[in-house]
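Here the structure is laid out as structure tokens; the discussion comes afterwards.
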Amino acid sequence: MTWIRGLDRLSLAGLAVLALLVGAALAGTLLGVGGAQDAIVGPRLAPPDGQWPLGTDQLGRSMLPRVLAGIGTTLLLSAVAVAVTATASTLLGLVAGYRGGWVGEVVLRGVDVLYAFPTIVLAILVAAVLGPGRSATLASIVLVTVPLMTRLVKVAAETVARRDFVTSALISGASHRYVLARHVLPNVAGTVAVQGTYALSVGILVEGGLSFLGFGVQPPASSLGALIQQGGIYLLAAPWLLVWPGMVLVAAVLAITVFGDGLRDRLEPRDSRALK
Amino acid sequence: PTVTPVAPGLLAIADPAAPPGGVLELQIPIDTGAASGLDPQLADVAVSWQLMSLVYETLVVIGPGFRIEPGLAVSWETPSPTEYVFHLREGVTFANGRPMDAADVVGSLERLLAGPGVWATQVGPVASVAAVDDRTVRVVLDRPYTPFLAALANTPAAVLPMREIAAGTVDPATTMLGTGPFVAEFHRQDVLWRFARRPGYWAPARPAADKIIVSIVPQESTRIAALQNQSADFAVLGNVDAPQLLAGVRGVVALPQATTDFYYLMLNNNAPGGKFADPRVRTAVNIAMDRTQIAAVATAGLGTPTGVTPAGLPDACDPAALPSATADLDEARRLLAEAGATDLSFTLTAFSTEPAPAVAQVIQQNLARIGVRVTIQQLDEGSWAGAVYGEVPARFDAALSWFAGYADAGMVAQWWKPEQAQFNIGFMAPDAGLTAAVDTALAAPEGPGRPVALRELCAAVDRDAQMIPLVTRPVVVGYRADAVSPTVFATEGYGNVLRRAADFRVLGR
Amino acid sequence: MRLIGWWARRVASAAATLTLVSILIFAASRLMPGGFAEVVLGPFATPEQQAEVSARYGLDRGVVEQYGLWLAAVLRGDLGTSMISGEPVTVEFLLRMPVTVELTLLGVAAAAVIGVPLGIVTAVRAGGRGGAAGRLAGGIGVSVPEFVLGSLVVFVFSRFALGLTIGGYRPLDEDVGANLRSIVLPAAVLAFFAVAVTARTTRDAVMGVLVEPYITAAVARGDSPFTIVVRHVLRNAAMPVLVVLTTITAYLLGGAVIVEYLFNLPGVGSYVVAAVGRRDYAVVQAGVLLAAAVFVVLNMLVDAATGVLDPRLGSAGEAR
Amino acid sequence: MTVLLHVEALVVEYGSGDGTVRALDGAELVVEEGATVGVVGESGSGKSTLGAAVGGLLPAAARTVAGDVRVGGVSVAAMTPLQRRAMRRDQLGYVFQEPIGALDPTMRIGRQLGHVLRGQGRAAVLDWLERVALRDPARVAAAYPHQLSGGMAQRVAIAMAMASEPALLIADEPTAALDSEVREEVLDLVFTLAAGAGTAILWLSHDLPAVAKRCSRVAVMYGGRVVESGPAAEVLVAPRHPYTAALRRSVPSAAGRGERLVPVPGQPPVLTGAAVGCAFAPRCPAVLEPCTVDRPPLVGDLDRDVLCHLPAPVGAAR
Amino acid sequence: MTPVLELDDVSVTFRMGGPLRRTSIRAIRGVSLRVDPGETLGLVGESGSGKTTTSAVALGLRAPTSGTVRFDGSPFPRRRRALAGRMQAVLQHPQWSLDPRMRIGASVAEPLAVLGGGDTAPQVAESLAEVGLDPSFAQRYPHQLSGGQRQRASIARALITRPPFLVFDEAVSALDVSVQAQILNLIRDLQEAHGFAALFISHDLGAVRYVADRIAVMRRGEIVETADAAVFYERPAHEYSQRLLEAL
Ligand SMILES: Nc1ncnc2c1ncn2[C@@H]1O[C@H](COP(=O)(O)OP(=O)(O)OP(=O)(O)O)[C@@H](O)[C@H]1O
Ligand SMILES: Nc1ncnc2c1ncn2[C@@H]1O[C@H](COP(=O)(O)OP(=O)(O)OP(=O)(O)O)[C@@H](O)[C@H]1O
Ligand SMILES: [Mg+2]
Ligand SMILES: [Mg+2]
């Protein structure tokens, strides 16, 4: 856990917020805090009070368990998706940037193909072909986020691959796999950290966007994107529909983002030079 | 939320004192989009009827409270239950200036009946159409068919310029040439329609507005916003809470308009695993439906429970008296046990347009009460249609949709006859008793016998439970009272909020 | 010589990419459940009607044959006919291009003009208070989903219009003022995210450059931070930023669907999405292919820029 | 002669992840205007740190614990950022130890040099490249840094530093990558130019003879301190500090084939805090009791300063 | 006896400049040299004369434009991995030859790790000590080292596996005389103990004299003289060699 030590205060705050959210999601799904998220329990659009701490939604369901479940769904979905994206993009980007040649060309073109599909159209096609729901959302997020990350990892890997320390390792007889794992990967890790957290926010956005267009998680399951999408229109009449999930979502992405930036800085052992 | 009508059957009446002229900015969620083009006879969705009704007119029209009123026919007689004689209005011309005559009427009806359009079914068992003279048309039916006039009042039965069509100078699929108050000046698919006042319209001083600009705005919140910031004068809203959402906005009126359209639940007789082949299972599901809750929760109380005769239409049956409504949940559980389906679980396929997902979720909760687990599958309309209508036999478990309820209590029941409504054949097994009940109801003449026949019909549909009517589908009509003075019906049968568009007055801001 | 060879290879691979895209989009559009016939003709259509429409658009032929015919037509420059409107797809796209192009230009311009400097400033100030504030600002930019921000903007500005139009688009050649009033809010919503993403990537790239000894050397020469950034940092950090800007361009050109919906802009994105919904195959296929073509060209330029920006990458001959 | 650079009891520490490293432990140095001062010392003795401290160029991880650096009488630490920048621009010129890294990899040499020359044109650029003994100036100007050999890059770096005509040139091993012929040529140039322009030179190097040959004064560093300083010739011929003496003995060129080189025995210190006694004590052949416990005082004699408990007398070779 | 390394009439041409002003430089021309087992070849010459380029060819890092290279009697294999453990190099720029994100200990241990070594810590400490670095340096990152310390870390890294062939490119140029002496002694001791062959590139004729058995002199991309060390230092044949020795 030594890496935590090197983080700055902002990143630690981000990490704390994330931990809090994960805790809340677990409380909701495992401990059943707030009751069943899909049960119609009260009047529609009731404001927060003792009985429904966060109010009720447009079907008269308590918002508390829905928000908690939404955190769980969204975090899990995007985390899994980003893990997949990060792994895939890193592998592909390393191959394209380090190996180069026709293999790299093929990888890049393959990624370009995905890239070439307009984001939402791609997501919708995936949802339409796979049938909407979690797996389609997951696949969409991955397909949408892989290209950018792959390209950026490629750019970073390309530069690293020309450095003398890679040459040295190769002279030592290091396998390409060794070089990739020990030299190139750590040197692109900052990029992966930044892009990974970016992908996470894109993932959340795609999830929400799909919900917005009706291709997201299936009702009555709850996700932050779906909650926000459905609550958006009630901004004035029943603000609690939008405010809770909105705040949580923004907090989550913000936490992830500052944490990612902090991680990136942490992964850079050299001092940055103040230009002053 | 209830709105007190300003007159029987009307939520608002255009102020005749307001000066004529002006441009009306209107927003609706979707455009006509039929591959068949602009031919009104092939139009089968309400939005097409609505837009085309600005250009085309019918012999008779629907008035407040579903009264049949004169349209292009000034009057009519029914010498016998199977005979209708229409006297055409004088001075009616098509937009190209040619006067309309009986040949146009006869030709239009014959074309409709011979064509592939679905409305031919609704117009009924027409035996012959003939021009008695230049101003008189006689229609003979095979057997009594009470909804005949109501069916004639809808856009697909509009009078087309048959002479031009026959001569090939006008293709109704691409050109709109009617007798109506407006002409379509411009159309860009999914973006905009521009209708302009037609000089030479038969009714004096109408239409009041110079222009109607119809923007297609799929996003509900955008339409609401447009009303707020005055970029739209009039908008059709789908969100059931729209009246509440617009409550505080100065100048904006949001009227919940009842319609006869209603949501219904399809239980696929051919469902994989034979889940719904047993009528007892279907009945159990039907019993578990809490229509009151669906109406209260999913439609915010704007919709009402309904049987197959749409609530709100004259003579419609009382949904509370349906067999399923009077049975209790224990009965449902017992039926399930009898059918050996105690751990029933199925997928409910719904499209994603609000409030369908809400209805599906209440259904899910309803069924949980009798231990049935429902998984909701929310699809885009294309995939939904593919899943429900794409294959025969159909492979979905259950699906949610809505029918337009039309302007007569018996009409929609036609779709409960799969031999006639071909699209149902994939999931619905024909039932002779049900078919007979439908035919009886359709033939029952106005009078005390008709409610009885319709009640019978409702019960038959309820027992059959292959397509279970649930609640009516409301819309909200929003407009800026400082910009327009419209006429709004309290209940619509053909989803036509522009029914009296010629009366709408544009107010100077 | 080598250059010509490079471009030839690049064009060939671009063509391959586009071919693959065409196959994928064709396959995807046919794999979507629900066919054109069911969707557009509706449940009431008779089998004869469906057959007639299928025949009219060649949907009754084998899939491979359909693909072949389509590809042949595309190569001739014929993108087909929209089954919904009956208009040539090319015309439909041309009508919707101005909105999309305008949004794209504004969005990318904002990303470049605001995002890049913001990223540089937060990197240069990293560690300081300004850096943390910049990080938070950038973070908020990527945290607020388009549909949330868009809804909020629509809502707020529908109450307090401030002379800005919500919904609807006025063409530029019709009335410049009205055009700007109708486009500024949606562009701002798009730019919000674009700026944040660009800023973050720029920050990352710039921080990577700032640790390099040649920056120290420049500091030692007494160059001002501004000079150093302009002379040394920009170019060395340019590649990732360029990649992100291309992505943003591609994303916006492909259609900012949600914003188009929210602000009711007749752009390409919502058109294609609607076409997906209605299984208007020709439009879907053409839309994706056009977006892909633009993107592939952009990418080709970026790849060409790689060699220019980093001369080390241009050199060949090293054995690996 | 006025004092241009005064390093006063400078203590610099690097805070690395696991504890701190003390790179300068009270270094003292004076450079007068136009003087040429060679700082020699073992690898790791703090030469580069000292050089960086002069320009306020220490990395963020470095901390100035005590002491002061004054350029032209003004404390570098007390300068405003603007003043510091002006000082670097107008008074200082740097040649860094690893020249290729100091060149922007994405910019042609000609342009980089051109920037320093502030728009004096291409002719000036080529002229400077020619002066530092680069054979094909046009090609070098058109080249990117990675297309140069190590020695070529180093010469470019020298050209860039000299081109700005600084008051003080801080050159960190400026000729380490040059062959003897070129080295002489370049050093001739640098020292001639410096003499002409009145530029003071602070030459950080490990090569005592080479430095002594060119510079008027040398300062010998060990363990973060300047342990001996004085006129070059005298220090070389008659070192007063045992380390200087040891340094003088282990010149490889002095040993022929087959002979064994004599390095200074033992390892250089790695300081984590102030050295308790004399940092050289563990390796010193003449170590005394106090050497390990007391920090040696500065012993000044004529122009020869030395930090030692038992300095050799002036003139007497060790 | 097969030479460890044999360059036969090797030339390397670089292309430079944009597409419009393309020029090419012949960095080395017709270079032929060989290094026998156990022998150190000193490669000296003017800055920019092509020494590093020659070493890149010798290490199989750069394919020659013309001519042939043989390592241990055969051309370089397509897969470098086949050469694992058979050569090491100290590259000219120590700053770049160490991974900035890897601690010195790991960098130095790398050749061992590549060969699949177990616990490398003791060997790393020993290797660091050999080049005069305190064991605590294993925990540092390259940027936390002085220039000379980095160079020594590179040397430690190259020597840790005692490979049969080594290339030193200006390996001792940044070192003070004392450390230089230590390193040169080390190289000689190891060579006696393990008998490796080496290509020792330097412009420092003094250092070269101390370790090299034979000397090759490069100038403007060509080898102008090759001679036994003893002979060379006594009677340099080429006029350029004479000049070089004069400046010593
Ligand atoms: N990648 C490259 N592209 C173009 N020219 C190059 C490249 N690398 C080296 N050169 C040129 O080749 C020549 C030989 O360079 P090399 O690095 O081999 O010299 P060297 O003998 O090692 O010199 P030094 O002692 O200064 O390091 C030089 O003129 C250099 O400019
Ligand atoms: N960033 C750093 N973090 C920790 N220690 C450092 C850092 N930079 C330098 N050092 C240490 O400080 C001491 C002085 O380093 P400096 O670079 O000044 O030495 P030097 O005299 O220039 O040596 P060389 O001749 O090898 O270049 C060294 O022991 C070095 O390991
Ligand atoms: Mg140094
Ligand atoms: Mg070299």
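Below, chain A is the first sequence line, B the second, and so on; all start at residue 1.
Each of T52(E), T53(E), L133(E) has some count of heavy-atom pairs under 4.5 Å with chain D, and the biggest count is that of L133(E). Interface summary for chain E: among E173(D), R135(D), R139(D), M152(D), the most heavy-atom pairs under 4.5 angstrom belong to R135(D). For the set R150(E), E170(E), K51(E), the count of heavy-atom pairs under 4.5 angstrom toward chain D peaks at R150(E). Interface summary for chain D: among D134(E), L175(E), V179(E), the most heavy-atom pairs under 4.5 angstrom belong to L175(E). Counting heavy-atom pairs closer than 4.5 Å to chain D, the top-ranked of the candidates G132(E), S49(E), G45(E) is G132(E).
For a residue to count as touching a neighbouring chain, one of its non-hydrogen atoms must lie under 4.5 Å from one of that chain's; by this rule F137(E) touches chain D with the side chain only. Heavy atoms closer than 4.5 Å to chain D are found nowhere in A27(E), neither backbone nor side chain. In this structure, the portions of E42(D) lying under 4.5 Å from any heavy atom of chain E include both its backbone and its side chain.
The CG atom of D204(E) sits 8.0 Å away from the CG atom of D207(D) when rounded to the nearest 0.5 Å. Here the straight-line distance linking atom CG of D172(D) with atom OG of S146(E) works out to 9.5 Å at 0.5 Å rounding. For the atom pair NE2 (H146(D)) and NE2 (H93(E)), the distance works out to 11.5 Å, reported to the nearest 0.5 Å.
For the pair H203(E) (side chain) and E181(D) (backbone), a donor-acceptor distance under 3.5 Å is absent.
Side-chain contact, R183(D) with S47(E): no donor N or O sits under 3.5 Å from an acceptor N or O.
Contact of the Q92(E) side chain with the I100(D) side chain is not registered, since no non-hydrogen atoms from C-beta on lie closer than 4.5 Å.
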